[in-house]
Amino acid sequence: MNELLIPVLAVIIAAMVFDYTNGFHDAANAIATSVSTRALTPRIALGIAALGNFVGAHFGAQVAKTVGSGIITPPEGEAGLGIVFAGVVGAIAWNLLTWYFGIPSSSSHALIGGLVGAMLGAIAFGVQGEVLWGGIVEKVVIPMIASPATGFILGALLMLALLWAVYLLAKATAKKKTGRFFHPTPLNRFFRIMQSLSAVAMSVGHGMQDAAKTMGIIVLALYTGGFQSSNEHIPEWVFWTSATVLALGTYAGGWRIIRTLGRRVIHLDPMAGFAAESVASGVLFTAAAYGLPISTTHTITSAIMGVGATKKFSAVRWGVAGNIVMAWVLTFPGAALAAIIAYVLVRPIF
């Protein structure tokens with residue numbers, strides 16, 4: 001039996017635990033707006049999100065390759081597997097901490113921060129390896145800044161376009177004698193139906209991004225442990241396993257974070273929810289096509305803020321939004337620190 005089988009299995013199991021926590025931690029990203037506007041019931045929304053995650057995972061190969069080969073270069077063998085294991089443990093710790101306090105932080109950046117922190121901790125102990133800072137800046141840091149800005153701007157623009165279209169429709173169909181516009185109930189009913197579709201798109205985009213990151217970790221473990229010769233090839237069983245575990249975690253739900261996104265940032269109506277989800281899913285699809293591991297959390301939260309700001313600037317609870325942004329800033333170093341501690345603890349084992 002290959003002497004590295006047990007360490008590789010340990011990393012894969014840790015990756016599955018991360019995948020599961022990622023699912024219930026980020027379930028809010030896909031369903032919070034749909035639930036808060038009552039377009040979908042919570043359990044139906046979670047079921048749709050889980051199915052969308054499962055489907056989306058099979059289209060996230062480019063993101064998986066970035067995570068598996070574009071963040072760190074650990075040494076081959078047991079030492080490298082210890083680094084990857086510690087990185088994943090650091091990400092899990094950060095996920096659980098932010099979930100407990102109901103803060104929608106980024107599982108994606110927690111994972112990347114964990115890998116970087118574990119690698120830096122290993123280098124401090126004299127282990128050979130490298131943090132690929134160029135790739136991190138190009139494919140993580142720049143998209144990390146650009147995706148929320150894009151979500152905010154496009155969310156505001158789409159919401160303004162929808163409001164203008166509704167105004168023109170109302171004006172055209174107003175009763176000439178009374179000057180009254182049509183009743184808003186049919187409009188809300190229409191956007192609840194549209195929001196069900198946008199929630200599906202959001203869930204698929206989440207799967208393309210977040211399941212893919214777990215796939216990247218498994219591939220990195222298989223390559224580092226010598227079980228495959230390429231750090232980019234993704235075996236079919238990795239797709240199915242990562243997709244299934246993420247879907248199960250999503251169905252378990254992350255109600256603390258769902259409440260934060262769905263109600264505490266801004267009170268959404270069906271049209272606003274549709275606008276936010278449509279923009280966020282579009283950004284996720286585009287990033288996945290280019291292999292950019294962006295944060296689903298950042299994208300949907302910024303889109304919600306952009307949509308809310310079109311009503312009136314004070315409609316967004318900027319204090320809550322500020323706490324969320326602070327969590328974004330702290331995620332990378334926080335997960336890195338947790339991973340360094342994890343590496344110190346597991347180093348004698350690996």
Side-chain angles (χ1 to χ4, degrees), residues 26-49 52 104 147-175 178-206 257-286 296-318 320-321 324:
D26 286 5
N29 301 329
I31 71 165
T33 53
S34 300
V35 172
S36 66
T37 62
R38 298 181 181 177
L40 298 170
T41 64
R43 282 299 166 191
I44 290 177
L46 279 170
I48 290 174
S147 57
T150 303
F152 185 92
I153 293 170
L154 292 182
L157 290 176
L158 179 57
M159 189 63 187
L160 288 172
L162 289 174
L163 289 171
W164 182 247
V166 169
Y167 170 76
L168 293 178
L169 178 63
K171 187 175 181 180
T173 57
K175 294 181 179 180
T178 63
R180 291 167 55 195
F181 290 161
F182 60 84
H183 197 275
T185 300
L187 184 68
N188 283 334
R189 187 180 301 119
F190 169 76
F191 276 108
R192 281 196 177 98
I193 295 171
M194 295 303 295
Q195 196 180 356
S196 300
L197 299 177
S198 64
V200 172
M202 186 70 202
S203 301
V204 172
H206 181 225
I257 297 172
I258 288 171
R259 284 192 291 269
T260 299
L261 275 183
R263 293 289 183 184
R264 292 182 61 202
V265 176
I266 185 174
H267 185 79
L268 294 169
D269 56 42
M271 181 165 56
F274 166 75
E277 288 178 341
S278 297
V279 165
S281 59
V283 174
L284 291 173
F285 286 0
T286 303
T296 313
T297 306
H298 290 195
T299 307
I300 185 60
T301 307
S302 59
I304 290 172
M305 292 179 188
V307 165
T310 61
K311 296 183 177 181
K312 58 179 181 177
F313 205 67
S314 60
V316 178
R317 296 184 178 96
W318 294 107
V320 176
I324 293 172

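Excluded from the calculations below are hydrogen atoms, water molecules and symmetry mates; all remaining heavy atoms, backbone and side chain alike, are included. The residues of the chain are indexed from 1 along the displayed sequence. Because the structure is predicted, anything quoted here is derived from the model rather than measured.
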**Student:** Can you tell me if S302 uses its side chain to pair, donor with acceptor, with the backbone of T299 under 3.5 Å?
**Tutor:** yes

**Student:** With rounding to the nearest 0.5 Å, note down the distance linking CD in E277 to OG in S203.
**Tutor:** 8.0 Å

**Student:** From F191 CZ over to L162 CG, what is the distance, rounded to the nearest 0.5 angstrom?
**Tutor:** 5.0 Å

**Student:** Considering non-hydrogen atoms only, spot the tightest contact between A303 and A276 and give its length.
**Tutor:**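 Minimum heavy-atom contact is CB-O, 3.6 Å.
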
**Student:** Can you give each donor-acceptor pair under 3.5 Å made by side-chain atoms of residues 147-160, sequence neighbours left out, with the distance rounded to 0.1 Å?
**Tutor:**
| unit_1 | atom_1 | unit_2 | atom_2 | d |
| --- | --- | --- | --- | --- |
| S147 | OG | P143 | O | 2.8 |
| T150 | OG1 | A146 | O | 2.7 |

**Student:** Give the minimum heavy-atom separation between G273 and Q195, together with the two atoms involved.
**Tutor:**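 Closest heavy-atom pair between G273 and Q195: CA-NE2, 3.5 Å.
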
**Student:** For a quick test of reading the model, state the closest non-hydrogen atom pair linking R192 to P270 and the distance between them.
**Tutor:** CG-CG, 3.7 Å

**Student:** Search all heavy atoms of M271 against all heavy atoms of L163 and return the closest pair with its distance.
**Tutor:** CE-CD2, 3.5 Å

**Student:** Taking V307's backbone N and O only, do any of them form a donor-acceptor pair with T310's side chain (distance below 3.5 Å, no angle check)?
**Tutor:** yes

**Student:** Output the distance between atom OG (S196) and atom CD1 (I44), rounded to the nearest 0.5 Å.
**Tutor:**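 Output value for this atom pair is 9.0 Å.
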
**Student:** Applying side-chain contact (heavy atoms from CB on, under 4.5 Å), run through F285 and V204 and close with a yes or a no.
**Tutor:** CA-CA 9 Å; F285 286 0; V204 172; 4.1 Å; yes

**Student:** Of all heavy-atom pairs between L284 and H206, which one has the smallest distance, and what is that distance?
**Tutor:** CD1-N, 4.0 Å

